[in-house]
Amino acid sequence: MPLRVHDTRRREKVDFSTMEPGRVKMYICGVTVYDLCHLGHARCYLAFDLIHRWLEKSGYDVEYVQNFTDIDDKIINRANETGSDWRELVEDNIATYFRDMDTLNILRADQYPRCTEYVEEMIAITADLIEKGNAYAADDGVYFSVDSAPEKYGLLTGQNIDAVRSGAGGRVDDTGATKRDHKDFALWKAAKPGEPTWDSPWGPGRPGWHIECTAMSMDAFGEQFDIHGGGHDLLFPHHEAEIFQGECHTGCSPVVHHWLHNGFVNIDGEKMSKSLGNFWTIEDILGKVDPLVLRFSLINAHYRSPIDMNEQLIKDAAKNHERLISVYKAALELMGEDPVPLPEGDIASAVPIVKSLGLLEKMAQGFAKAMDDDFNSREACAKVLGALREMSRMLTELDGDDVAAYALHVVEWLEDTAGDVLGVLPSREQVMLEPEEDPRKAEIAEQVESLLARRVVAREAKDWPSADAIRDELNALGVVVTDTPEGPTWDLN
RNA sequence: GCACGGAUGUCAGAGCGGCUAUGAGCGGGAUUGCAGAUCCUGAGACCUGAGUUCAAAUCUCAGUCCGUGCUCCA
């Protein structure tokens with residue numbers, strides 16, 4: 001079953017192919033570093049992290065490039081507002097970007113180019129576009145002339161020039177600058193007083209936003225590459241502008257072989273935006289929600305569909321994630337050091353362990369099939385969740401060598417799917433931490449243990465009211481008690 | 001207005017020609033002093049209309065409703 005991906009330009013799922021066998025060149029539009037990262041950024045980079053992981057798992061050598069836009073109106077404005085140096089602002093926000101993304105278990109890209117390092121390349125492309133007749137210099141900068149390549153208009157959004165012209169109404173005449181047509185976009189912006197500038201053949205200024213990605217992706221990959229991705233909102237005008245620039249400059253069509261776009265995050269049914277005041281920063285959420293639970297909630301949807309983030313979604317994710325961890329932990333505790341080999345799985349078998357192994361194999365295939373189908377992580381999650389019930393049942397039913405061997409298989413199965421691909425499994429060490437080794441638990445461990453000891457006494461005396469009162473006290477500490485035949489265990493809520 | 005998506009049980013949301021998932025919620029059972037957790041199990045859905053087909057949630061056409069973009073935005 002080949003990997004299929006939805007290509008925005010062709011508007012359908014296509015068989016995935018690469019220019020070089022076994023190698024994927026992937027460029028994803030990064031953040032403009034003027035502020036903290038929000039939930040939308042998490043969703044986007046999580047989506048491409050999953051794609052990155054699955055391509056690697058499928059045997060591709062992925063070269064993943066993600067840029068930082070480190071010069072832009074918003075950065076300049078923010079620096080002016082806060083009275084700080086724009087370079088400092090950029091460094092701070094890049095540092096928190098990495099902190100947030102690392103916390104979400106997002107694997108690092110291979111390169112993080114910054115656009116201020118590529119101004120020369122941008123100037124060269126701009127000069128070339130002027131020479132080829134696709135761009136012109138005006139008083140306040142250089143603009144790309146969309147009418148010089150009308151056949152490239154609307155390749156991603158499906159809009160045509162005439163429709164936009166009529167739809168834009170009065171704005172068509174008022175270009176708001178010295179550009180000739182309202183559709184034209186800036187390649188180079190002439191300097192305004194007090195702004196950071198670079199020298200160019202058109203005087204001091206700075207590059208336009210769209211040219212950055214063209215320059216950086218081409219520097220990393222050459223004239224053509226396999227995957228270009230980003231948020232759905234970048235479709236127009238950003239990615240369409242890139243098509244104009246890249247294809248007119250190189251003469252290649254297409255420059256990008258597969259366009260991938262992730263869906264947006266809504267909050268309680270409303271679009272998340274700064275103007276509505278309902279955007280959640282990653283920092284805020286991680287104060288309340290475990291990072292892997294947040295990760296789980298965001299990948300438990302197809303990357304192209306919008307997600308409506310709300311309490312219920314987080315609650316569901318927390319519950320599912322807890323089930324995953326508890327089965328993983330149980331398997332880690334039961335697995336043998338040196339297990340006996342397992343029989344071949346067979347769904348039709350009457351022997352429980354053989355049948356179960358067959359089922360797990362089938363679910364692993366289902367998982368791969370889901371990921372191969374345009375990275376359907378939602379379906380893949382369902383396969384993992386479905387497998388958990390089977391695993392949990394078998395782990396209690398089996399005994400002796402069988403359970404040790406089966407448990408090892410479970411551990412590997414989960415690490416292969418939920419761990420390597422979905423990235424929602426903590427490390428073995430973390431899962432196996434004793435309460436006193438977990439810093440969050442350590443501070444209350446002594447108190448909890450003493451309460452538990454008192455409760456055991458009360459329970460042995462069948463003094464239920466006292467036992468329950470103690471349990472209430474523990475709950476108030478945020479502790480959940482589970483009674484087992486071997487005695488009570490506890491965990492943080 | 002134009003463009004692009006979508007409409008599936010109480011909710012979230014996969015499936016996209018024959019069987020239907022997954023989780024939450026709700027009902028019953030096992031286990032437990034009780035609760036929780038766990039396991040077993042039940043009920044419950046494919047926007048409307050027409051068409052294609054032996055067979056449609058799935059394909060086609062029409063309609064209705066909804067979302068997003070067309071402006072800086074992941």
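Within every chain, numbering begins at 1; the chains are lettered A, B, ... in the order of the sequence lines, protein sequences first and strands thereafter. Small disclaimer: the values here were computed from a predicted structure and weren't measured. Worth knowing before you read on, the calculation uses all heavy atoms, side chains too, and leaves out hydrogens, waters and symmetry mates.
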Could you identify the nucleotide paired to B:C4, looking across every strand shown and requiring Watson-Crick or G-U wobble geometry with both distances under 3.5 Å?
B:G67
Considering every strand and a 4.0 Å limit on heavy-atom distances, what is the contact class for A:Asn262: base, sugar-phosphate, or nothing?
base
Any strand: nucleotide that pairs with B:G17 via Watson-Crick or wobble, under 3.5 Å:
none
Looking only at the aromatic ring of each residue, does the gap between the centers of A:Phe98 and A:Phe68 stay below 6.0 angstrom?
yes
Any strand: nucleotide that pairs with B:G44 via Watson-Crick or wobble, under 3.5 Å
none
Pairing partner (Watson-Crick or G-U wobble, both distances under 3.5 angstrom) of B:G36
none
Run the side-chain contact (heavy atoms from CB on, under 4.5 Å) test against A:Ala318 and tell me which residues pass, sequence neighbours left out.
A:Val293
Less than 4.0 Å between a side-chain N and a carboxylate O, is that true for A:Asp140 and A:Lys179?
no
What contact category does A:Val265 fall into here, base, sugar-phosphate, or nothing, at under 4.0 angstrom with non-hydrogen atoms?
base
Once each nucleotide of nucleotides 31-39 of chain B is scored for protein heavy atoms under 4.0 Å, what B/S/- sequence comes out, 5' to 3'?
--BBBBSSS
Can you check whether A:Phe264 stacks with the B:A74 base, using ring centres under 5.5 Å and planes within 30°?
yes
Look at all strands and tell whether A:Gly231 reaches a base, only sugar-phosphate, or nothing, counting heavy atoms closer than 4.0 Å.
sugar-phosphate
Over how many whole Å does the gap from A:Ile282 atom CD1 to B:A74 atom C1' extend?
10 Å
Does the distance from a Lys or Arg side-chain N to an Asp or Glu carboxylate O, for A:Lys369 and A:Asp373, drop under 4.0 Å?
no
Between B:C70 (P) and A:Leu235 (CG): distance, integer Å:
10 Å
Rounded C1' spacing from B:C4 to B:G44 in Å
34 Å
Strictly by Watson-Crick or wobble contacts shorter than 3.5 Å, is anything paired with B:U58, and which nucleotide is it?
none
Complement of B:A24, any strand, by Watson-Crick or G-U distances under 3.5 angstrom:
B:U10
Salt bridge check: are A:Lys329 and A:Asp491 linked by an N-O gap of less than 4.0 Å?
no
Going 5' to 3' along nucleotides 13-18 of chain B, which nucleotides have protein heavy atoms under 4.0 Å from the base (write B), which only from the sugar-phosphate (write S), and which from neither (write -)?
SSS---
Could you tell me whether A:Glu283 and A:Arg99 have a side-chain N and a carboxylate O separated by less than 4.0 Å?
yes
Side-chain donor-acceptor contact under 3.5 Å, A:Trp86 with A:Asp70:
no
Residue matched to B:C72 through Watson-Crick or wobble contacts both under 3.5 angstrom
none
Take atom C1' in B:A14 and the same atom in B:A45, then report the distance between them in whole Å.
13 Å
Verify the neighbour count for atom CD of A:Glu311: are there more than 12 heavy atoms of other residues, nucleotides or ligands below 6.0 Å?
no
Taking 4.0 angstrom as the limit, do A:Arg454 and A:Asp463 come out as a salt bridge?
no
P-based separation of B:U64 from B:C40 [nearest Å]:
47 Å
